[in-house]
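What follows is one structure encoded as structure tokens, with my remarks underneath.
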Amino acid sequence: MFRLLFLLFSIVVIAFDDDPAQQLPAFKERTKGPIGLMTTSNGVPVPYREVSSSLNTKFLFNEYLLDSITHIIRERIPERFVHAKGAAAFGYFEVTHDITNICKAKLFSAVGKKTPIVARFSPINPERGGSDLYRDARGFAVRFYTEDGNFDMVGFNTPMFSIKDPIYFTTFTHSQKRNPATNLFDSNMLWDFVTERPESMHIFLMVFGDRGIPYAIRNLPGFNIHTYQVVNEAGEYYFVRFHFLPNSGIKHMDAEQARIISGIDSDYLIRGLYRDIAKGDFPSWSVSLQILTLEDVKNADFNVFDVTKVLPLDKYPLHPIGQMVLNKNFDNYFAEVEQLAFSPSNLVPGILGGADKIFEARRLAYREAQYYRLGVNFNKIRVNCPFMGHPLTYNRDGTAPVRDNERDIPNYYPNSFNGPIPYMDYNTTKLIDIVEDEPNNFDQARDLYQNQMSADEKERLIDNILYSLATATKFLQARAITLLSTIHPDLGSRVEQGLLSNMTENYMNLKK
Ligand code: HEM
Ligand SMILES: *[C@@H]1O[C@H](CO)[C@@H](O)[C@H](O)[C@H]1NC(C)=O
Ligand SMILES: *[C@@H]1O[C@H](CO)[C@@H](O)[C@H](O)[C@H]1NC(C)=O
């Protein structure tokens, strides 16, 4: 009788309220009473006497106290040194258009095919506890759990990157982060780097423009930036750039509004995504490709592999391929999002990756970062497991998790005892070799300012540049004006005027 009542109660599952603040009340509704006995991590039930007080007792004999204190000391792992703060969710990708003529990757094999995905959206520079409304480019990372292993598209909400030579990655990143002496973000560092490596001005025009602060995660576009080489069954290869366009439209938040909201809720964007999904209002994106042949690559009047450049849409139009939908929140942030380990080197048969140097550097860097953050078996952590495939490696042991450690399977290759064997990839191709010249993208930066920004956006762009540049020293301001004038005389002179006017006084005060 008691059992029956309990069953009856437990099937009246209260629908999860869309307000994240209702998570705990909803859990209570669902469970009715304590869900079980509390134990130590060793599984031994904890007596009330051990949790209620430790006064006048011997600590070494209180297993609960030792277990909990020694564990909390080890709770933190290194945060990602870039993209530390992120919103994320699970969902699926559905093929809407056949592209088997250019790419044999199984995730594109049939129209209507659905592949499970996880996506994470992250400003680059704020720390895990920073504001998600910080003016910055946003990471736009999507993992496709395919039957041939995981394919990660680790992109941005801008169609270009800041540098084309990975040699500058470390110091570029430093220049965007905190000054080591003051521990503050420092516009001298930013403007010094940007004016020394002016190819980065292309992305900075976008970031200081409207793209720098999204209205909501569901309004973020996504770009893979790298031009990837893909191959079909016959071994013919093509070059593609991925575009994810939000079905809710690209929308932005203006700086003033973001400053106000940030002060009240620094998790505004993360909360919004969580709430949208909890109430069933699922964000979705239309996925398409720019597709180039080898002839197109040779005939282009610039290097189409240059990540500081965009591929103009009028020359290389978008070909729709599918839809991405996010319809499930994580149950536990640390387990399912903090431990996510995206990597551009997670490629699947049919997708060869980028031929450029930034891509080559990234193939090393993410794996390194994840060994450091998560340990050698990071691919055995549940969110990283290629669960749609059948992973079978000759790797063994290492720090946990090791899962079943490949049980009794032979651990050396080649072997004569039926251990796993490699497959034959017929009709394959290698990444083409490219020669990369020094960057120069003033043309595209000029086009962005002159032709693609509305008069209103230009106004906001100049305001946002002034907000940052106002606190830089005089010689860097002068260098910035020279650089901005080279991009467009109007841009340079308006920034110069702005610095001369007293509007920047307000910005200096705001930052104090
Ligand atoms: C030399 C160039 C680059 C290097 C060395 C580099 C390195 C890294 C590293 C080490 C991480 C942290 C990964 C982790 O701890 O899990 C990271 C995160 C990230 N990077 Fe890069 N990166 C580079 C360029 C790029 C470019 C060009 C893009 C976009 C196309 C990009 C997008 C991202 C994103 C989205 C994340 C966050 C992934 C997540 O959500 O966990 N990075 N990067
Ligand atoms: C290789 O390509 C040829 C056409 O060029 C095709 O007939 C053949 O089936 C392909 N082989 C495989 C294993 O896909
Ligand atoms: C400077 O500020 C004063 C008010 O504080 C205003 O009257 C004046 O127009 C401003 N000058 C410029 C050049 O913006």
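Every number for a ligand or one of its atoms is a count from 1 in the order of the listing. Quick caveat: nothing in here was measured; it's all calculated off a predicted structure.
- Of all protein heavy atoms, the one closest to atom 4 (C) of ligand 2 is Ala234 CB, 4.1 Å.
- Of the N and O atoms on the side chains of Asn219 and Ser248, not one donor lies less than 3.5 Å from an acceptor on the other residue.
- A donor and an acceptor atom, one from each side chain of Asp148 and Thr146, are nowhere located under 3.5 Å apart.
- Of all heavy-atom pairs between Ser468 and Phe208, the closest is CB-CE2, 3.6 Å.
- Asn427 places a side-chain N or O within donor-acceptor distance of the main-chain N or O of Glu233, the cut-off being under 3.5 Å.
- Heavy-atom minimum distance, Arg135 versus Ala255: NH2-CB, 3.6 Å.
- Counting protein heavy atoms only, atom 19 (C) of ligand 1 is closest to His83 CD2, 3.1 Å.
- Scanning the protein heavy atoms around atom 3 (C) of ligand 2, the nearest turns out to be Asn427 ND2, 3.5 Å.
- Near Glu233, the atoms of ligand 2 lying under 4.0 angstrom from a non-hydrogen atom of the residue are 1 (C), 10 (C), 14 (O).
- For Val307, no heavy-atom contact with ligand 1 is shorter than 4.0 Å.
- Considering backbone and side-chain atoms alike, Arg80 places an N or O below 3.5 Å from some N or O of ligand 1.
- Ring pair His243/Phe223: centre-to-centre distance below 6.0 Å.
- Put simply, part of Gly155 is less than 4.0 Å from ligand 1, judged by heavy atoms.
- What sits closest to atom 2 (C) of ligand 1 on the protein, heavy atoms only, is Phe169 CD1, 3.5 Å.
- A salt bridge links Arg460 to Asp210: one of the charged nitrogens lies within less than 4.0 Å of a carboxylate oxygen.
- For a threshold of 3.5 Å applied to N or O pairs, the pair formed by Asn224 and ligand 1 contains no separation below that value.
- A side-chain N or O of Asn247 and one of Gln323 form a donor-acceptor pair less than 3.5 Å apart.
- Within a 4.0 Å radius of atom 14 (O) of ligand 2, the protein contributes one or more non-hydrogen atoms.
- The proximity of Val154 to ligand 1, defined as any non-hydrogen pair under 4.0 Å, involves the side chain as well as the backbone.
- Under the 3.5 Å distance criterion, the side-chain polar atoms of Asn346 are left unmatched by any main-chain donor or acceptor of Asp152.
- Residue contacts with ligand 1, taken as heavy atom pairs separated by less than 4.0 Å, involve Arg373 solely via side-chain atoms from C-beta onward.
- Using a 4.0 Å cut-off between heavy atoms, Phe223 makes no contact with ligand 1 at all.
- At a distance under 4.0 Å, a protein heavy atom can be found next to atom 11 (N) of ligand 2.
- Looking from atom 42 (N) of ligand 1 to the surrounding protein, the closest heavy atom is Tyr366 OH, 2.7 Å.
- The heavy atom nearest to atom 28 (C) of ligand 1, considering only Lys85, Arg362, Glu360, Arg363, is found in Arg362.
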